[in-house]
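Every value quoted in this text rests on a predicted model; they were computed, and no experiment measured them.
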Amino acid sequence: MDRQEQIFPRLNDAQLSRISSIGQRRSVRAGEVLFEAGDQHTDMYVVISGGIDLVRPVAGREESVTVLGPGQFTGEINMLSSRVAWARGRVAADGSIIALDRDGVRAVVQRDPELSEILLRAFILRRTALISQTDNDLVLLGSQHSLSTLKLKEFLTRNGEPFTYHDVETEPGMQALLDRLQVGINEVPVLVCEEGYVLRNPSIEGLATALGLTPKLDAKAVRDVVVVGAGPAGLGAAVYAASEGLDVLVLESTAPGGQAGTSSRIENYLGFPTGISGLALAGRALTQAEKFGAEVAIARTAVRFNCDARPYRVHLSDGEIVQARTIVIATGVRYRRLDVPALSRFEGAGIFYSATHMEAQLCTDGEIAIVGGGNSAGQAAVFLSGFAPRVHVVVRGPSLAESMSRYLIQRIESSRNVELRTRTRIESLEGEDRLERVRWRHVETGAVETRPIRNLFVMTGADPNTSWLRGCLVLDDKNFVKTGADLRADELMEARWPLSRPPHLTETSIPGVFAVGDVRSSSVKRVASAVGEGSICVQLIHKALQEL
């Protein structure tokens, strides 16, 4: 089967019969619009007879995608989430169809292995094809010198949202377009959505809502599990909990994947001998969680939760509240900021904290530097060496041996355009509107060097995202969450641990509240370990729920 047949497969009579037993069959007339681009919670339609014309509204015109015939179906990954539809579906000829709502689609992919493989493969490939389009109905107008523009580009890219980007400072005709849209230069970045709807310098939360990346949350509903953070550990917990029938809500402040989602290629993750990008791994895990019924809310940030009453109440930054019988904390870590003057001035304008294809496009015309000696820094160095003519890896220690996997060290040693600078510290950053030069010092010799570096990637040690937990849970001296046997008797007594049993392996100082992945004290900071902790945690959640 070629790729086009996988994107738009044709179901056989037996498969159609099984879908018909779940969906609703009805007659349709030519010209009837089944759904519009931008609609949320659309049904999936399977053609029995006649056809459905799929078209994309682009720049005021219709662009034909395909005409679906008997046995073919509509939809992509929005069938499993609250994302908006990307195309208009219009009946091409009189006939009949089967309509399945989101619950019906989930029933099929959970219970029918054959249909699950066909549908999910088509959904994922359709979204991938969308992202690769050069002309999309979602257009971002921004500036390469704008941190807000970088944040929106990163948010859209990491959440798998197809968009077209234009730089208002370098591309001709952009000022005329801004004038036509009645947008001032101080309102950039701007997102132009379908039918000319304009979002001026939108917040991440506002953009997520407009794109349907977050469901409407019911403050009265009490979930079995609320997972805070959609990195590998959080998604691992969500997949296993939802697959075992628990009611799961995942809260994610930015995008699925956590720090792993920013990795260009992970080569030591079991089952992927040629490696997989963090973005692809996160996307697959998200689809898997949604397949089993987990609800995922993007751009929803937990700011605190009550420690002394059940069900627990998690308070979000937008004022919303969600209730849960158990909580899984999987908020991960963030790279430490360099203690260098002018750092904040160049963030997004030469200073970056991830190395994906988006950032790589900026590195083709000059040398770059990467600060850090861990695996993320090593992956970035290997990946970016394929774009930049010269890559400097700057570390404070004497070597990479203690902090980086051997296969990455070997790659760096064998790369002709990668130069390792040990015992070196960044001293200053220089430039006007963006970073232009970096000065560093060798800590033993005192030798100072200034290089014409316009792109600096910071991947140093990490701090846990636990500020919202202080005063509620027991943390270690570095503010990681203590769990299980790491919790001393006096700490449990001070925390008023109410049960006769000690905390479970990943359970915190509050019963039914768990911590997994990088945010947990004593955890192994690896993707596979985080996924493992997330899955193990679900068995302990079942035990905690039985105690209620």
Side-chain angles (χ1 to χ4, degrees), residues 76-78 81 83-84 86 124-168 188-193 199 201-214 230-232 235 252-266 275-287 296 298-299 332 334-335 347-364 376 379-380 383-384 386-387 455 457-459:
E76 42 101 33
I77 59 174
N78 66 321
S81 67
R83 293 176 187 244
V84 298
W86 54 271
I124 293 170
L125 290 176
R126 289 174 186 180
R127 174 59 59 158
T128 302
L130 269 177
I131 295 171
S132 66
Q133 295 278 353
T134 56
D135 193 10
N136 290 284
D137 57 352
L138 180 63
V139 179
L140 173 62
L141 307 177
S143 165
Q144 62 178 334
H145 300 131
S146 164
L147 178 57
S148 296
T149 297
L150 177 69
K151 286 182 177 179
L152 291 179
K153 288 177 71 175
E154 184 178 30
F155 179 81
L156 292 169
T157 300
R158 290 189 59 193
N159 281 286
E161 285 297 317
F163 69 100
T164 300
Y165 174 69
H166 294 291
D167 194 294
V168 298
V188 172
V190 171
L191 276 154
V192 184
C193 307
L199 297 173
N201 194 12
S203 66
I204 294 297
E205 293 79 5
L207 178 57
T209 299
L211 296 176
L213 288 173
T214 186
L235 288 173
E252 169 54 46
S253 60
T254 307
Q259 274 193 328
T262 67
S263 294
S264 55
R265 182 160 297 273
I266 303 168
I276 183 171
S277 73
L279 194 63
L281 183 63
R284 293 183 185 190
L286 176 64
T287 299
V296 181
I298 302 296
R334 61 186 178 278
Y335 289 122
E347 287 180 317
I351 302 293
F352 305 101
Y353 295 92
S354 60
T356 67
H357 282 277
M358 185 179 74
E359 291 85 10
Q361 304 309 310
L362 304 172
C363 302
T364 57
S376 295
Q379 289 161 354
F383 172 64
L384 294 174
F387 296 84
N455 296 291
F457 294 82
V458 181
M459 297 178 174

Work out which heavy atom in [X] is nearest to a heavy atom in [Y]; give both atom names and the distance.
X: A210; Y: L199; result: CB-CD1, 4.1 Å
X: L191; Y: P202; result: CD1-CG, 3.8 Å
X: V84; Y: G212; result: CG1-N, 4.1 Å
X: A355; Y: A380; result: CB-CB, 3.6 Å
X: I204; Y: K151; result: CD1-O, 4.2 Å
X: A255; Y: R158; result: CB-CB, 3.6 Å

Full working for side-chain hydrogen bond (donor to acceptor under 3.5 Å, both in side chains) between S146 and T149: CA-CA 5 Å; S146 164; T149 297; 3.1 Å; yes
Working to the nearest 0.5 Å, report the span between [atom1] of [X] and [atom2] of [Y].
X: T254; Y: R334; atom1: OG1; atom2: CZ; answer: 12.0 Å
X: L156; Y: T164; atom1: CG; atom2: OG1; answer: 11.0 Å
X: L384; Y: T364; atom1: CG; atom2: OG1; answer: 11.5 Å
X: M358; Y: Y165; atom1: CE; atom2: OH; answer: 10.0 Å
X: L211; Y: N159; atom1: CG; atom2: CG; answer: 8.5 Å
X: I276; Y: S264; atom1: CD1; atom2: OG; answer: 12.5 Å

Do the non-hydrogen side-chain atoms of [X] and [Y] ever get within less than 4.5 Å of each other?
X: L235; Y: V296; result: no
X: I298; Y: P256; result: yes
X: R83; Y: L213; result: yes
X: E161; Y: L207; result: no

E76: partners by salt bridge (charged side-chain N to carboxylate O under 4.0 Å, His left out), with sequence neighbours left out: R127
Evaluation steps, side chain to side chain contact (heavy atoms under 4.5 Å, CB included), between L279 and H357: CA-CA 10 Å; L279 194 63; H357 282 277; over 6 Å; no
E154/L152 under side chain to side chain contact (heavy atoms under 4.5 Å, CB included): CA gap, chis, key distance, verdict: CA-CA 5 Å; E154 184 178 30; L152 291 179; over 6 Å; no
For [Y], does its backbone N or O pair with a side-chain atom of [X] as donor and acceptor, under 3.5 Å?
X: N455; Y: L362; answer: yes
X: T209; Y: E205; answer: yes
X: R126; Y: I77; answer: no
X: S263; Y: I266; answer: no
X: T262; Y: Q259; answer: yes

F352 vs C363, side chain to side chain contact (heavy atoms under 4.5 Å, CB included): CA-CA, chis, key distance, verdict: CA-CA 12 Å; F352 305 101; C363 302; over 6 Å; no
Pairing residues for F387 by the ring-ring contact (aromatic ring centres under 6.0 Å, His included) criterion, not counting sequence neighbours: F383
H166: ring-ring contact (aromatic ring centres under 6.0 Å, His included) partners, not counting sequence neighbours: none
Flag for E359-T356: side-chain donor and acceptor within less than 3.5 Å: yes
Working for side chain to side chain contact (heavy atoms under 4.5 Å, CB included), residues Y353 and E347: CA-CA 9 Å; Y353 295 92; E347 287 180 317; 2.5 Å; yes
